[in-house]
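What follows is a set of notes on a single structure, which appears directly below.
Quick caveat: nothing in here was measured; it's all calculated off a predicted structure.
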Amino acid sequence: MRSHQLNSQADFDKFQQRLSNKIQSGFRIIEQNNKLPYVVLCRERKNIDHSYYLFLSCITVGIWLLVWVYVLINDSQKNQILIALDEDGNVFEDKCLPLKN
C-alpha cells in the first residue's frame with residue numbers, strides 16, 4: 001500500500017510537470033478539478049502580421065508562402081486541450097472542441 005502512495009505522488013508530479021510546460025508555452029487554465037485531477041487549458045489565437053509575411057514571400061520568391069499557410073492553419077484558431085491523470089497514473093492530453101457562441 002505504501003508503494004501505491006509513492007507512485008501516486010510521482011504520477012501527480014508528472015501531471016504537474018506537463019501542466020507547467022503547457023502554461024510556459026502560452027496556455028492558460030480555464031477549468032481545473034483537483035479531485036479527479038484534470039485541467040482544461042486554452043491558448044488564444046495569435047494575430048498574424050500579414051504584411052510582414054507578404055514581404056517575406058516576395059523576398060523569397062514565394063517560398064515563404066508555405067510558412068504563411070502553415071501559420072494560418074495552426075495559429076489562427078483558438079486551442080483548447082485537456083490534461084488529466086487516469087486511474088492507472090498515466091498523464092494524457094486530448095484536444096477539446098471549442099464551444100461556438
Side-chain angles (χ1 to χ4, degrees):
M1 187 116 189
R2 222 165 223 255
S3 65
H4 182 65
Q5 288 286 350
L6 292 176
N7 290 338
S8 175
Q9 183 60 38
D11 295 336
F12 190 70
D13 290 342
K14 288 190 291 187
F15 172 75
Q16 290 294 337
Q17 181 63 36
R18 172 92 56 103
L19 179 61
S20 175
N21 290 342
K22 290 296 180 180
I23 290 173
Q24 288 177 357
S25 70
F27 284 91
R28 63 181 175 83
I29 297 174
I30 58 173
E31 185 178 340
Q32 183 173 4
N33 186 332
N34 291 327
K35 288 184 181 179
L36 291 179
Y38 75 88
V39 176
V40 178
L41 301 165
C42 176
R43 181 169 50 194
E44 297 296 325
R45 52 177 256 167
K46 295 180 183 178
N47 292 330
I48 300 169
D49 186 5
H50 294 287
S51 59
Y52 178 69
Y53 280 84
L54 178 63
F55 173 73
L56 288 175
S57 295
C58 292
I59 296 289
T60 61
V61 192
I63 295 174
W64 194 261
L65 189 62
L66 297 171
V67 175
W68 192 1
V69 170
Y70 177 79
V71 169
L72 277 173
I73 291 171
N74 288 328
D75 292 341
S76 65
Q77 299 174 3
K78 184 177 180 180
N79 286 339
Q80 287 187 350
I81 60 170
L82 168 81
I83 298 177
L85 189 62
D86 66 5
E87 304 88 28
D88 297 328
N90 300 319
V91 179
F92 68 92
E93 181 178 323
D94 197 12
K95 290 186 179 182
C96 297
L97 296 174
L99 297 174
K100 302 281 183 177
N101 290 340

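Hydrophobic clustering (ILVMFWY, side-chain heavy atoms < 4.5 Å, transitive): Val71 and Leu66 are in distinct clusters. A single hydrophobic cluster is seen to contain both Ile23 and Leu85, as judged by linkage of ILVMFWY side chains at heavy-atom distances under 4.5 Å, directly or through other members. Phe92 and Ile29 fall into different hydrophobic clusters, where Ile, Leu, Val, Met, Phe, Trp and Tyr residues are linked whenever their side-chain heavy atoms come under 4.5 Å apart, directly or through other members.
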Show the numbers, then the answer: is there a side-chain contact (heavy atoms from CB on, under 4.5 Å) between Glu44 and Arg28?
CA-CA 9 Å; Glu44 297 296 325; Arg28 63 181 175 83; 2.9 Å; yes
Does the side-chain contact (heavy atoms from CB on, under 4.5 Å) test come out yes or no for Tyr38 and Leu82, once each step is laid out?
CA-CA 7 Å; Tyr38 75 88; Leu82 168 81; 3.6 Å; yes
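Partner of Val40 under the side-chain contact (heavy atoms from CB on, under 4.5 Å) criterion, out of Ile83, Ile30, Ile81: Ile30 alone.
Heavy atoms only, all atoms of each residue included: Asp86 and Asn90 are closest at OD1-N, 2.7 Å. Of all non-hydrogen atoms in Ser25 and Arg43, the two that sit nearest each other are O-NH1, 3.4 Å. Among all heavy-atom pairs drawn from Lys14 and Gly89, the shortest one is NZ-O, 4.2 Å.
Contact annotation: the side chain of Leu19 approaches that of Leu41 to within less than 4.5 Å [non-hydrogen atoms, C-beta and beyond]. Contact annotation: the side chain of Leu54 approaches that of Trp68 to within less than 4.5 Å [non-hydrogen atoms, C-beta and beyond].
No donor-acceptor pair under 3.5 Å is formed between the side chain of Ser20 and the backbone N or O of Gln16.
Judged purely by distance below 3.5 Å, without hydrogens or angles, the side chains of Gln17 and Asp13 never pair a donor atom with an acceptor atom.
Shown here are the salt bridge (Lys or Arg N to Asp or Glu O under 4.0 Å) partners of Glu31, two or more places apart in sequence or in another chain: there are none.
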